[in-house]
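The structure appears right after this line, and notes come after that.
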Amino acid sequence: MAQLVAEEKAKLVQKVDFRTGNEMAARAAKQIGFHLMGYYPITPSTEVAEFLDEMKAEGEHEIRMIPADGEHSAAGICYGATSGGGRVFNCTASQGLLYSLEQLPVQSSSRFPMLLQLVNRSVNGPLDIRCDHSDLYYALTTGWIILLAREPQAAYDMNIVAVRIGEHPKVRLPVIVAYDGFFTSHQKRRVQYFENDEAVADFIGRPPDFPHALDPRHPITMGAYMNDPDLINNKYQLKLAMDAAREVIPQVFEEYARISGRRYSFLDLYRMDDAEAAVVLLNSAAETAKDVADRLRQQGQRVGVVSLTVLRPFPAEELRQALRGVKALVIGERGDSYGAHGGPLSHEVKAALQEDPQNRTLCLTRIYGLGGKDFYGEDAEEFFNLALKAAETGQVETRFDYHGVTPGDPQKPPMQVLPPLTKEETSPGLVQVTRNEETGELRVKPIARWQLAAQAKRITPGHGACPGCGIFPALNLFFKGIEGDIVIVNHTGCAEIVTSGYPFSNHRVTYIHNLFQNGAATLAGLVEMFQERQRRGELPAGEDITFVMISGDGGMDIGMGAVLGAAIRNHKMIILEYDNQGYMNTGSQLSYSTPLGHMTTTSHVGPAQAGKAFHHRDTPQILAACHIPYVFTGTEAFPDDLVRKAAKAQWYAKNEGLVYGKVLIACPLNWRSEDRLGTKILETAANCRFFPLYEVERGITKLTHDPDRARHRTDVCDWLGLMGKTRHLLQPQYAPQLEALEAEIERRWQRLKAMHEHPQL
Ligand SMILES: Cc1ncc(C[n+]2csc(CCOP(=O)(O)OP(=O)(O)O)c2C)c(N)n1
Ligand code: SF4
Ligand SMILES: [Mg+2]
């Protein structure tokens with residue numbers, strides 16, 4: 001018996017460490033041992049998947065990790081997986097949450113528990129990767145339980161308790177655990193965690209045996225079409241589940257306190273016993289306010305801090321209790337509900353208090369810290385002072401306002417650093433494309449390279465790309481083959497991030513950035529508006545603009561739907577993909593263009609994993625199958641070829657419809673290659689036939705560079721050996737991956753060659 005007790009105790013030993021919120025969330029996920037994780041990278045949540053992938057490569061867990069093509073799919077993968085009865089995990093932020101939002105109520109109304117890590121980040125627009133709670137607020141009505149973690153320790157603890165809460169037979173609901181992007185996700189704090197995974201496994205127990213979709217002897221219909229009078233009953237059951245969660249949560253918190261020593265409750269109340277003035281803050285800002293409360297207490301002020309650990313179900317009763325003696329309260333919100341004179345938190349706190357006839361607390365709201373604007377001690381002090389003044393006078397001057405806003409100066413309009421390009425600068429008359437009326441073939445008059453200097457650069461130097469980055473040599477070279485005015489729509493990615501940081505821009509032409517996945521649709525709308533306004537005589541008839549959508553390879557994953565839509569509708573525009581084989585601006589995660597075996601931060605190499613597990617997508621062939629007028633591949637390593645294709649692209653986009661081009665570019669930072677080797681790597685990629693240079697013109701495929709015929713053929717290993725991300729493939733233990741990659745390269749090449757030789761193919 002004594003031995004058993006000692007073993008139990010040993011199992012519960014905790015390690016003291018110094019870790020970030022993302023590290024702790026990943027550790028909890030690993031220890032929970034989810035069956036599956038469906039995810040899509042988005043800062044600042046991505047690290048959780050990266051850490052888990054790294055651990056997986058080392059053989060530390062067996063969670064099946066599915067890199068989705070976007071968050072909508074990630075949420076769909078998770079939903080499908082939960083319908084199969086196992087434990088499921090996802091992690092996202094900001095736009096990722098919004099893009100998957102429609103799946104969330106389906107998940108909750110189907111009553112499939114799962115865990116979603118939400119690392120709070122501001123939602124577009126404008127794009128801002130730092131923390132506020134605007135994303136979280138969109139989740140409030142989805143029917144998910146929402147637990148909040150103010151610090152890395154809580155990120156770990158909440159994940160573990162979330163499994164128990166969500167899976168409780170009376171609850172059966174999915175759970176969001178939310179913590180602040182960067183403040184909590186990336187800052188290290190002192191933490192404790194169980195050394196032995198079994199401690200967590202014992203606490204969460206085995207997954208419950210709810211009806212599921214993988215039991216053919218007990219078939220069930222899920223997602224049935226349901227109108228009135230039934231739907232309201234479904235929602236009522238969801239409400240009852242939330243009510244049940246109110247009972248279950250304290251029990252689970254108590255049980256967890258027994259094994260961990262850390263006790264949570266619906267509200268985190270700090271120095272609230274006799275507080276007359278208080279602030280309500282969610283997540284990390286509450287910790288800042290606590291320090292200030294200590295200081296003000298020393299000065300004799302009766303102040304306290306209220307922070308919510310549970311946001312859904314909303315702890316209305318606990319708030320009524322906690323605020324009974326409080327004369328004035330400042331509710332600080334990192335998110336607004338525009339036009340409603342306060343964000344959701346304010347209205348919910350006020351609604352809770354209103355139900356207490358004795359309550360006389362004066363409530364003020366201050367919107368603060370949007371887009372990651374820091375919340376310092378001085379800010380908290382201002383909040384306390386507002387509350388103290390109201391408590392003292394019984395009066396409130398301004399109930400609702402923004403805190404920390406900087407007024408603009410109308411005398412200082414944005415500066416135009418470079419003058420707009422003139423027609424003469426962009427139309428030097430170098431590009432001449434003629435069409436053979438008999439064959440329909442286009443002929444581009446050769447342009448000597450030195451002549452290209454006459455074409456103005458549409459993107460200026462001075463951007464923030466890494467040394468050796470291949471994006472801008474390639475884009476500027478491509479634009480050399482295009483005469484006249486250009487309007488650009490840019491997907492989110494390195495090309496966007498490093499050229500358009502407010503208040504500056506490296507674009508000398510009109511440039512629009514919209515949501516990551518929606519560039520093709522956005523540009524399609526603009527093209528059609530251009531044509532319609534011209535037709536109505538609102539824009540000059542002679543005005544000619546070439547419309548170009550620039551996307552990274554990742555944008556073609558998540559944006560493929562919009563791209564296919566635009567292609568099938570055949571708008572007169574160019575979609576230009578620069579392919580650096582990964583999600584580079586977010587830290588080198590795999591994209592569907594990353595080839596087999598390549599190492600990224602979500603396809604680590606280790607004893608249990610050999611880089612990316614599936615082949616790269618053949619995007620030119622997908623677009624060719626849309627039967628658009630012109631598809632091409634290119635690279636700056638073959639500059640004449642690229643300029644010639646640009647000229648053709650412009651001709652087709654003006655005269656016939658949509659053009660798609662894929663340009664391979666070097667990313668020395670994440671390819672782990674030498675800056676100076678970029679062009680050589682690209683050349684080798686073409687010469688080893690991994691990246692064939694070709695075009696598909698009105699359905700006819702032509703190789704524009706045949707390394708065999710040009711006697712430039714190199715080995716795939718010559719290419720792989722030039723990059724740190726692939727060098728492991730040359731080691732004997734990775735021979736199966738190398739062989740599979742070589743075989744796929746050969747297969748695709750032979751197919752292409754056959755198409756080149758047979759116009760009907
Ligand atoms: C809906 C949504 N999901 C995820 C992101 C995060 N995100 C922004 S850019 C990017 C990767 C871009 O990769 P790619 O298109 O290849 O461009 P690169 O960074 O490599 O230049 C990701 C994952 C986002 N902004 N929006
Ligand atoms: S990460 Fe790669 S693609 Fe992005 S700017 Fe740096 S080198 Fe260029
Ligand atoms: Mg990329």
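Both counts, for ligands and for their atoms, begin at 1 and track the order of listing.
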(request) Report yes or no: is the cationic atom of K612 (NZ for Lys, CZ for Arg) under 6.0 Å from the centre of the six-membered ring of F614, at an angle within 45° of the ring normal? (result)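 Yes, K612 sits over the ring of F614.
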(request) Indicate, with yes or no, if the rings of W749 and H705 have centres closer together than 6.0 Å. (result) no
(message) Looking only at the aromatic ring of each residue, does the gap between the centers of F479 and F472 stay below 6.0 angstrom?
(response)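 No.
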(message) With the threshold set at under 4.0 angstrom, would you say I471 reaches ligand 2 through any of its heavy atoms?
(response) yes
Relative to the heavy atoms of [X], which atoms of ligand 2 are at a distance of less than 4.0 Å?
| X | answer |
| --- | --- |
| P668 | 7 (S) |
| N580 | 3 (S) |
| C466 | 1 (S), 5 (S), 6 (Fe), 7 (S) |
| C469 | 3 (S), 5 (S), 7 (S), 8 (Fe) |

Side chain [X], main chain [Y], donor-acceptor under 3.5 Å:
| X | Y | value |
| --- | --- | --- |
| Y630 | G657 | no |
| T602 | L590 | yes |
| T726 | G721 | no |

If you count the atoms of ligand 1 from 1 in the order shown, which ones are under 4.0 Å from a heavy atom of [X]?
| X | result |
| --- | --- |
| M584 | 18 (P), 19 (O), 20 (O) |
| C494 | 18 (P), 19 (O), 21 (O) |
| Q517 | 1 (C) |

(request) Heavy-atom distances under 4.0 Å are what count here, so tell me which part of N580 touches ligand 1: side chain, backbone, both or neither. (result)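 N580 to ligand 1: side-chain contact only, backbone stays beyond 4.0 Å.
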Distance-only polar pair, side chains of [X] and [Y], donor-acceptor under 3.5 Å:
| X | Y | answer |
| --- | --- | --- |
| D132 | S122 | yes |
| Y511 | E496 | no |
| N90 | Q117 | no |

(message) Let me check your reading of the structure: within less than 2.8 Å of atom 2 (Fe) of ligand 2, is there an N/O/S atom from C494?
(response) no
Give yes if a backbone or side-chain nitrogen or oxygen of [X] is under 3.5 Å from a nitrogen or oxygen of ligand 1, and no if not.
| X | value |
| --- | --- |
| I471 | no |
| Y99 | no |
| G554 | yes |

How close does the nearest protein non-hydrogen atom get to [atom], and which residue and atom is it?
| atom | value |
| --- | --- |
| atom 9 (S) of ligand 1 | N585 ND2, 3.1 Å |
| atom 15 (O) of ligand 1 | G555 N, 2.8 Å |
| atom 2 (Fe) of ligand 2 | C667 SG, 2.3 Å |
| atom 3 (N) of ligand 1 | E71 OE2, 2.6 Å |
| atom 8 (C) of ligand 1 | T492 CG2, 3.6 Å |
| atom 23 (C) of ligand 1 | P41 O, 3.1 Å |
| atom 1 (S) of ligand 2 | N670 ND2, 3.6 Å |

(message) Quick check: do D69 and Y592 have side-chain heavy atoms less than 4.5 Å from each other?
(response) yes
Quick test of your reading of the model: are [X] and [Y] salt-bridged, counting only N-O distances below 4.0 Å?
| X | Y | answer |
| --- | --- | --- |
| D557 | R617 | yes |
| E23 | R27 | no |
| D640 | R449 | yes |

(request) Scan D553, T633, D579 and name whichever one has a side-chain hydrogen bond (donor to acceptor under 3.5 Å, both in side chains) with K662. (result) D579
(request) Tell me, with the steps shown, if Q589 and T600 meet side-chain hydrogen bond (donor to acceptor under 3.5 Å, both in side chains). (result) CA-CA 5 Å; Q589 298 84 28; T600 69; over 6 Å; no
(message) Which option wins on minimum heavy-atom distance to atom 24 (C) of ligand 1: Y578, F516, Y40, Y592?
(response)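 Residue with the shortest heavy-atom distance to the ligand atom: F516.
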Return yes when at least one N/O/S atom of [X] is nearer than 2.8 Å to the Mg ion (ligand 3), and no when none is.
| X | result |
| --- | --- |
| G582 | yes |
| D553 | yes |
| N580 | yes |

(message) Measuring from non-hydrogen atoms of G582 to any atom of ligand 1, is the shortest distance under 4.0 Å?
(response) yes
